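What follows is a single structure, written as structure tokens, with notes after it.
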Amino acid sequence: MADRYNPQEIEPKWQQRWEADQLYKTEPAGDKPKYYILDFYPYPSGEGMSVGHARNYVPTDVIARYYRMKRYNVLHPMGFDAFGLPTENAAIKLKVDPHGLNEKYSANYVRQYKLMGLSYDWSRLINSAHDDYYKWTQWIFIRLFNSWYDPRQDKATPIDTLVAELSAQGAQALFDYIDGHAEGAATANKGTPAISAEQWRAMSKREQNEYLSNFRLAFQQESTVNWDPVDKVVVADEEVEGGRAWRSGALVIKRTIRQWFFRIPAYAERLINDLDTVDWPEQIVTMQRNWIGKSEGAEVEFQVSSSEFRGPNESSRNSITVFTTRPDTLWGATFMVLSPEHPLVSQIVTDAQRAAVEQYIASAKGETDEQRTAEGREKTGVFTGAYAINPVNKERIPVWIADYVLMGYGTGAIMAVPAHDQRDFEFARKFGLPVKVVVMPPNRVIDGDTLERAYEEKQGVMVDSGPITGMNTGEDGKACIRAATEYCEEMGFGKRRVNYRIRPWLISRQRYWGTPIPIVHTPDGPQTVSESALPVLLPQVKDYEPGPNGESPLASIPEFIHAPNGERETDTMATWACSSWYYIRFADPHNNALIGRSEQIDYWLPVDMYVGGAEHAVLHLLYARMWTKVLFDIGVVKFIEPFKALRNQGMILSPQKQVDEKGREFYEKMSKSKGNVITPDEVIAEHGADALRGYEMFISDFTQTVPWSTQGVPGVRRWLDRVWRIVLAPNDDKGPAAQVSAKDLRRVAHQTILRYERDLKAFSFNTMIAAMMEFTNTLYKARDAGLAGAPEWNESIDILVRMLAPIAPHIAEELWARMGNAYSIHKAAFPVADEAAAKEDEITVVVQVNGKVRDRVTVPASADDETVKQAALVTEGAKRFIDGTTPRQVIYVKGRLVNIVM
RNA sequence: GGGGAUGUGGCGUAACUGGCAGCCGCGCAUGACUUAGGAUCAUGUGCCGAAAGGCAUGUGGGUUCAAGUCCCACCAUCCCCACCA
């Protein structure tokens, strides 16, 4: 009798041996086919990992191990997203250095990973807070700063090319091109003037730099941003949820500060189009598309009526440009609305309305996003006193300001068509403005009573609409929109325009624990630190608290600020910057001279399989895609999408069932504060890493959110125990005799290989484990049939243990050794399925009468259709129902069933 | 308001192209072996019914020889976006 399966004994033993032998060290780049499988690198928290974190690490490890056994050259690395507020806040609270905390937390993560038997190549470990890493984050920042997006080449280009163009011919040709191309607007900041070459040359260096920042891919701009009063830091739009900051949960307030941005809108079109080239979950692709928010429509220019205009400069002609997706409803525009922040407001407001307008602007500024967008909130706004002329029908319409028009979208101004837009309608009703119907739904007369919900009608016939009167909007309404746009273009007051919802990516943070921005502010404007001077090191500080007015802690260190040519930038980069390129660094992680040798990058990238949580759908995954495209444009990488395939794992919840106030059952997330965290450490201590790994895969469909079950791990442990016994002691504890032939056993073995590989590639890990359990059960039956020791038996055991190796690497290694094989099973080949052996030679066909199962019949797999039908017709179950009559129809579904229709 | 997902035994789930609903596991029941069992082995386990049989995949319709799967309507839950013109 063999000794018992004891994971506590064999797991540490093999883990030490593997580490000593560097068993999982990546092979050098070469001609072998490669497979790069990557987990979202984690932020290492002081709490360590829960069993929920292992939900993706285990399956990716299984895949990595599988591809190694399939003789691929596999890159499976790990790193840490170490910068950021949680560590910094912990450091402030504990009054310690965040550098030290980072090392401590990361080391604990590494310990836990090793405990789980994960096969990362630890020689490639990276940490985004180490200066040999953030040096290259700074290097990319410099490239962004020194680039702009040339719409004529449709790519990022050195800023010097723009400087040369400006001094030679000015910006007019560039802006003519942008105006003529509906998609080109995101190249420059809104309102950038088209200066002449003379004007450019007359500018001071500082003014020139100021002008160029309208084009740079990394630029600083005064801007109203979300301010988190608890963490004392600005947060990006993407980090605000329901008016509250993502991390601290504090209500954000608006603040106007100079901030650094990346010009991600310039890449909007490519970020949408290239989604067609990736194998990602449909849901994530949709979310990215919605986030980028492409809208096609038109820009239309409205002249401000001169008779009412009493601005400081009587002779200037003001006009308001609006963006609309419904130019066909232009004839129904009965007023205009500007955003309170619109620069034209102060110029067009009449003296009589000035006080009211200024008061409104002031109160709008003081509001939080939550107040502004609260559910059911009534529209607010103020009349400016000015009027505009609707260019299509020359009607004089009033110009209002209201906070429901956002400065950040479109032109910050709209034409209001209350008959066909809900928001405009609500506004018109509140302030008694006229409503004019221009799209008449079929079979319906719109009068005062039915006006209320007229905007819900999407189709109809155009009325009172000049040249498009009488046109039918049709199925999609595109024809009228096209006709109206063409009319505007002919008449010269409008043009086709594509608009994107996505805003510049806010990247600067007024905090200590981040990558310093490699910029020096000189009298001539901001300049990048020279590449040879990188990295700009994060200095040691005594106090990590941000200043009372939100200054970075770095601002209080004179030695840091001082640079030969000016003052250093004291903001740091948000961690999104670090994570936007780390997957590239793994190709050549310790190169101090280059971001990575191109032969390494070209061999390993892009990532073949990227696995992590769906919560990063529009944050990290969008930013990383933009950086990849910039690096592609400037020739650093040769791929346009960083992650060929993406999969999202579901969350694991606490096993304790809760009941809400309505009596409904639910499960909570695991969290330290709720005291319901289950750690891999405790599970491994009791049942071993292999059982934990097995259950992480078996628990549910990979993408599903599911509560942990404390009963589940022992169930898998029991299976491993059964594997242990059937391999090492097949003749102990025999059951009653069973009917399994050697051929049957061999067939199941080879069928299991096929199922295993199919399920693994489909991320169907739960059914993959189920297939392995079934195979194990078959082996027990085969033992009871007296097959132990037969050649087919030995082959099956060999197959079983090899297939077990990716799932449960420790027990597989131990069994492999005890079977007398040479170390290591993880260097052995994966079994190859014999398709012929996997084929059934008999099939059992279900016999249905009128769709109900009445019998079943077993026939040779080679039997032809007629033979099977005849066999079915003469079964006892069928005969009882046929009862001498002739069936109307007999349907045979190959290998599955015969349906006799009476 | 817009977009998306999900709904199957007591529980986690499975079901390939429209073809036997419930694989695998948990739990439970009975038995065996045991000084003992939170070990192991065997058998059973959707519901109703003694059985024959009938009923079952959120609800109601439809298509089909055949529907968990396709179509229509509805209900419930969850996620994302949201005064985005």
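Order of the sequence lines sets the chain letters (A, B, ...), proteins ahead of strands, with each chain counted from 1. Keep in mind that this is a model prediction, so the values were computed, not measured.
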(request) Assign A:V893 to base, sugar-phosphate, or nothing according to its heavy-atom contacts below 4.0 angstrom with the strands shown. (result) base
(message) I'd like the P distance from B:C24 over to B:U45, given in whole Å.
(response) 12 Å
(message) So, OP1 or OP2 of B:G27: does either fall under 4.0 Å of a side-chain N or O from A:R718?
(response) yes
(request) Give a yes/no answer on whether the side chain of A:R423 brings an N or O atom under 4.0 Å of OP1 or OP2 in B:A82. (result) no
For a quick test of your reading: what N or O donor-acceptor pairs under 3.5 Å do the side chains of residues 893-902 of chain A make, sequence neighbours left out?
{"residue": "A:K894", "atom": "NZ", "partner": "A:D865", "partner atom": "OD1", "Å": "2.8"}
{"residue": "A:N899", "atom": "OD1", "partner": "A:G851", "partner atom": "N", "Å": "3.0"}

(message) Within residues 764-774 of chain A, which residues have any heavy atom lying less than 4.0 Å from an atom of RNA chain B?
(response) A:N766, A:T767, A:A770, A:M773, A:E774
(request) Would you mind calling B:G60 syn or anti? Take O4'-C1'-N9-C4 for purines or O4'-C1'-N1-C2 for pyrimidines, and syn is within 90° of 0. (result) anti
(request) Please figure out whether A:N777 or A:I699 has its closest RNA chain B nucleotide nearer the 5' end. (result) A:I699
(message) Rounding to an integer number of angstrom, what distance separates B:U59 and B:G9 when you compare their P atoms?
(response) 10 Å
(message) OP1 or OP2 of B:A5 versus the side-chain N and O atoms of A:Q283: is any pair under 4.0 Å?
(response) no
(message) Heavy atoms only, 4.0 Å cut-off, all strands: where does A:S700 land among base, sugar-phosphate and nothing?
(response) sugar-phosphate
(message) I'd like to know if the side chain of A:S709 pairs up with that of A:Q711 as donor and acceptor (distance under 3.5 Å, no hydrogens or angles considered).
(response) no
(message) For a quick check of understanding: with a heavy-atom distance under 4.0 Å over all strands, which category does A:R722 fall into, base, sugar-phosphate or nothing?
(response) sugar-phosphate
(request) Could you tell me whether the phosphate oxygens of B:C80, OP1 or OP2, come under 4.0 Å of any side-chain nitrogen or oxygen in A:T286? (result) no
(message) Just to be sure I understand the rule, does A:K894 reach a base, reach only the sugar-phosphate, or reach nothing, if contact means heavy atoms closer than 4.0 Å?
(response) nothing
(message) Taking side-chain contact (heavy atoms from CB on, under 4.5 Å) as the definition, give me every residue that meets it alongside A:T380, ordered by chain and number, with sequence neighbours left out.
(response) A:Y360, A:R377, A:D403
(message) Counting only side-chain heavy atoms from C-beta out, which of B:C20, B:C83, B:A39 sits nearest to A:D403?
(response) B:C83
(request) Would you classify A:E282 as touching base, sugar-phosphate or nothing, given that sugar-phosphate means primed atoms plus P, OP1 and OP2, and contacts are heavy atoms under 4.0 Å? (result) nothing
(request) To the nearest Å, give me how far apart CG (A:D721) and P (B:C26) are. (result) 12 Å
(message) Please confirm whether the shortest side-chain N or O distance from A:R880 to OP1 or OP2 of B:G53 is below 4.0 Å.
(response) yes
Expected rows: protein N/O vs nucleotides 60-71 of chain B N/O, under 3.5 Å:
{"residue": "B:C65", "atom": "O2'", "partner": "A:N899", "partner atom": "ND2", "Å": "3.4"}
{"residue": "B:C65", "atom": "O2", "partner": "A:N899", "partner atom": "ND2", "Å": "2.7"}

(request) Starting from the 5' end of RNA chain B, give me the residue, A:Y409 or A:R758, whose nearest nucleotide shows up first. (result) A:R758
(request) Using the P atoms only, state how far B:G54 lies from B:A21, rounded to an integer number of Å. (result) 12 Å
(message) Can you see whether A:W724 has A:R4 sitting over its ring - NZ or CZ less than 6.0 Å from the centre and within 45° of the normal?
(response) no
(request) Run the salt-bridge test on A:K294 and A:E269 with the 4.0 Å N-O cut-off and return the result as yes or no. (result) yes
(request) Could you check whether A:S295 gets within reach of a base, just the sugar-phosphate, or nothing at all, counting any heavy atom under 4.0 Å? (result) sugar-phosphate
(message) Using OP1 and OP2 only, check whether a side-chain N or O of A:K430 sits under 4.0 Å from B:C83.
(response) no
(message) Restricting to ring-ring contact (aromatic ring centres under 6.0 Å, His included), what partner residues turn up for A:Y667, sequence neighbours left out?
(response) none
(message) Quick check against the 3.5 Å criterion: does A:N499 have a side-chain atom that pairs as donor or acceptor with the backbone of A:E296?
(response) no
(message) Whole angstroms only, please: what is the CD-P distance between A:E696 and B:C26?
(response) 17 Å
(message) Wobble G-U and Watson-Crick pairs count when both distances are under 3.5 Å; given that, what is the 5' to 3' dot-bracket string of RNA chain B, with | for pairing to other strands?
(response) (((((((..(((......[....)))((((((.......))))))(((....)))..(((((..]....))))))))))))....
